[in-house]
Amino acid sequence: MRIGYACLTVGVLNTELKTCLLKNASEEKLTELIKHNLNALEKMIDYNIENQIELFRISSSLIPFGSNPVNRIAWWEVFEKQFRKISKKIAKSGMRISMHPGQYTVLNSADENIVANAITDLDYHACVMDSLGLGPENKIILHIGGIYNDKKQAIKRFLKNYQRLSETVKKRLVIENDDKSYTISDVLIIGKALDIPVVFDNLHHQVNPCDEKHPDTYWIDICKTTWKSQDGKQKIHYSQQHPDKKPGSHSKTIGINEFMAFYQDLDGRDLDIMLEVKDKNLSAIKCINCTTAKKEINRLEHEWSKYKYAVLERSPLDYLEIRKLLNNKDSYPCMEFYNLIEASFQKETTMGNSVNVAQHIWGYFRTIALPSEKKYFLKLLDQYEKGEASIKKVKKNLWKMTVKYEQTYLLDSYYYVIV
DNA sequence: TGACGTCAAGATCCG
DNA sequence: CGGATCTTGACGTCA
């Protein structure tokens, strides 16, 4: 089983993807952006390898306007060397990659122009994967599209237009149930007709269920029959409902208890699980740590080093509790650990706690900061305490110092990430 | 015609 | 002028 995350890595330096407005998309600008984004991708891959994350979705925005005629760069040739370097890292690590064109890539549209654009867009995605030397088990996930008042005809068009796709797309294409139009039973009918794999998305299914009522594992088992050996391990999407947003909105983080209940229901089924969640890699590591056979406490200690200041800012009591929890070096209290962290994040920060943590972090710079930097920090902190500056400003200053003085321990801290 | 979703770019405002 | 905050963009469907 692999567990992974989608598109972007939070809290890791130099992994941000860049883009530009269509009107500014000159050859020069695009070349610069592609180069930058490939560097960012390499950093994300490095991070995944370091953190033993073996499932990752590459963002469609890797190549800005990758399927728009405005981008006339033969980027797969121009950046061949960079692609090959990344390709080697992926291959060596055994990481499984996917891509997922968004809701605007519609293969079953009644409008021929939109279908043509969808085909071009799928070719773009396949070209990225080909450039990375990825085999057919690295999938491109697509939704079926619109209904246009006639689902039967719309499905027929999907089946027909699928035949127009290139081989490099076809060998990777898998289809997924969505949150408004096509239920898992619809998608299974299409998947069986085309003999292509079906990805089950639990939250889409919850929001857009089919008439037949069954537990998730029922649908997962049926989907499994659509995965052939050349497709690799069966893959699903897993996400949780955001408590105060509209149905289908992804949660900020994966609640570990709810995830583990789902995991228990899987009862040993060997799947790859792509998480769709705002805190991305953070939840991936959480879920990996709670399901791994390698129950070594240093995994949790390493996590703690990243979470601790974010926890301390919200709840000194939880902070102490977690420290105590990690005292026994022969234990592996993974669920308790993440439950305490999640509980602390439910709590509001107070000015006292925020000042305390800010001063604590300043301690890393006490002996190395310039007098002017010290003066500025103390001034900011004073302003914050008087209500004249936001804590955001204080944190921003600390982050600047962290980067300037290359404080490795702090560079990885979620103190700057979790808001 | 605007909402939907997503994120950063770009625009604008503020001190 | 730099930093913070607000608006726009790019895609297609549907109410």
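Note that this is a predicted model, so its numbers are computed, not measured. Chain naming here is simple, since letters A, B, ... match the order of the sequence lines and numbering starts at 1 in each.
Rounding to whole angstrom units, NE2 of residue His242(A) and C1' of dT6(B) are separated by 15 Å. Rounded to an integer number of Å, the gap from NZ of Lys18(A) to P of dT6(B) is 23 Å. The nearest whole Å value for the distance from the CD atom in Glu276(A) to the P atom in dC7(B) is 12 Å. Rounded to an integer number of Å, the gap from CG of Leu380(A) to P of dG2(C) is 18 Å.
Remark: Lys392(A), Lys393(A), Lys396(A) in residues 381-403 of chain A come within less than 4.0 Å of DNA chain C through at least one heavy atom.
A donor atom on one side chain and an acceptor atom on the other are found under 3.5 Å apart for Ser354(A) and Glu313(A). In summary, the side chains of Tyr47(A) and Asn281(A) do present a donor paired with an acceptor at a separation below 3.5 Å, with no hydrogens or angles considered. Looking only at atom types and distance, the side chain of His204(A) has a donor-acceptor partner in the side chain of Glu176(A) under 3.5 Å away.
With hydrogens and angles disregarded, a donor-acceptor distance shorter than 3.5 Å links the side chain of Glu373(A) to the backbone of Leu370(A).
For the helix from dT1(B)-dA15(C) to dG15(B)-dC1(C), the terminal axes (five pairs an end, C1' atoms, rotation from four pairs onto the next four) enclose an angle of 70°, given to 10 degrees.
The side chain to side chain contact (heavy atoms under 4.5 Å, CB included) search around Lys151(A) returns Ile147(A), Ile155(A), Tyr182(A), Asp186(A), not counting sequence neighbours. Partners of Ser98(A) by side chain to side chain donor-acceptor pair (under 3.5 Å), not counting sequence neighbours, listed by chain and number: Lys235(A).
The CD atom of Gln240(A) sits 8.0 Å away from the OG atom of Ser283(A) when rounded to the nearest 0.5 Å.
Where Ser249(A) and Lys29(A) each meet DNA chain B at their nearest nucleotide, the meeting point lying more 5' is that of Ser249(A).
Salt bridge present: Arg57(A) and Glu276(A) bring a charged side-chain N and a carboxylate O closer than 4.0 Å. Under 4.0 Å is where a charged nitrogen must lie from a carboxylate oxygen, and between Asp231(A) and Lys171(A) no such pair does. The pair Lys347(A)-Asp318(A) meets the salt-bridge criterion, since a charged nitrogen lies less than 4.0 angstrom from a carboxylate oxygen.
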Can you check each nucleotide of nucleotides 9-15 of chain C against protein heavy atoms at under 4.0 Å and return B for base, S for sugar-phosphate only, - for none, in 5' to 3' order? SSBBSS-

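Applying the salt bridge (Lys or Arg N to Asp or Glu O under 4.0 Å) rule to pairs touching residues 100-112 of chain A yields Glu112(A)-Arg164(A), sequence neighbours excluded.
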